[in-house]
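The structure appears right after this line, and notes come after that.
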Amino acid sequence: MLAAMTPFPQEVYKVTKCIPRGKVTTYAAIARALKNPRAARAVGNALHKNPFVPQVPCHRVVQRDGKVGGFARGRREKIKILRHEGVKISNGKVEPAFLIIKL
DNA sequence: ACGGTGACGCTCA
DNA sequence: TTGAGCGCCACCG
């Protein structure tokens with residue numbers, strides 16, 4: 001069931017859900033979309049607890065420098081999924097071309 | 001109410 | 001360029 005949660009995580013999931021397949025964005029970009037540019041860390045926290053997987057494609061969220069970042073089921077798995085979606089990853093970093101800064 | 005924690009980010013050496 | 005350090009925010013016990 002949908003547990004009552006603070007508005008912040010809800011907004012995070014809402015935005016993340018809009019990330020198209022084969023593309024990725026950053027924690028900072030999401031924070032920015034929420035008008036909370038300093039909350040990148042909190043965004044990661046919310047995604048970590050993401051109860052709507054895989055409805056909410058949290059695996060499409062990476063770090064600002066392109067590094068894949070963390071994943072509840074392991075970075076390894078996260079990379080695997082992204083590659084499966086066509087996202088090119090070299091040396092643990094996604095090609096900037098797949099990055100969506102504007103949401 | 002308070003302090004610790006975490007899927008981050010920027011600055012500086 | 002890469003790594004260490006510090007700051008930031010929201011959540012939990």
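This structure is a prediction, so every number in the text was calculated from the model and none was measured. Letters A, B, ... mirror the listed sequences (proteins, then strands); counts begin at 1.
Between the side chain of A:R41 and the base of C:dG7, a donor-acceptor pair under 3.5 Å is found. With hydrogens and angles ignored, no donor-acceptor pair under 3.5 angstrom links the side chain of A:R64 to the base of B:dC8.
Summarising the geometry of A:G22 relative to A:R60, their closest heavy-atom pair is N-NE, 4.4 Å, with the distance given to 0.1 Å. In terms of heavy atoms, A:K67 sits closest to A:K93 at CG-CG, 3.7 Å. Taking all atoms of both residues into account, the shortest heavy-atom contact from A:H59 to A:I81 is CD2-CG2, 3.4 Å.
A:K78 contributes a side-chain N or O that, together with a main-chain N or O of A:G70, makes up a donor-acceptor pair within less than 3.5 Å.
A:I30 places its CD1 atom 11 Å from the C1' atom of B:dA7, with the value rounded to the nearest Å. Counting to the nearest Å, the C1' atom of B:dA7 and the OH atom of A:Y13 are 12 Å from each other. For the pair A:R32 CZ and C:dC8 P, the interatomic distance rounds to 19 Å; values are reported in whole Å. Atom-to-atom, CG of A:L34 to P of B:dG9 comes out at 14 Å; the value is rounded to the nearest Å. Separating the NZ atom of A:K67 from the P atom of C:dG3 is a distance of 8 Å, rounded to the nearest angstrom.
Taking only side-chain atoms of A:H48, from C-beta outward, the nucleotide of B:dG6, B:dG9, C:dC11 with the closest atom is B:dG6. Set against C:dC9, B:dA7, B:dC10, the side chain of A:L47 has B:dA7 as its closest nucleotide. Side-chain proximity of A:F8 to B:dG6, C:dA10, C:dC9: nearest is C:dA10.
The phosphate of C:dC9 (OP1 or OP2) has no side-chain N or O of A:N36 nearer than 4.0 angstrom.
Taking CZ of A:F71 as the start and CG of A:L47 as the end, the distance is 10.0 Å to the nearest 0.5 Å.
Within the nucleic acid shown, A:A72 comes within 4.0 Å of at least one base atom, counting heavy atoms only. At a threshold of 4.0 angstrom between heavy atoms, the contacts of A:A42 include nucleobase atoms, whether or not backbone atoms are also involved.
In terms of position on DNA chain B, the residue among A:V53 and A:R38 whose nearest nucleotide sits closer to the 5' end is A:V53.
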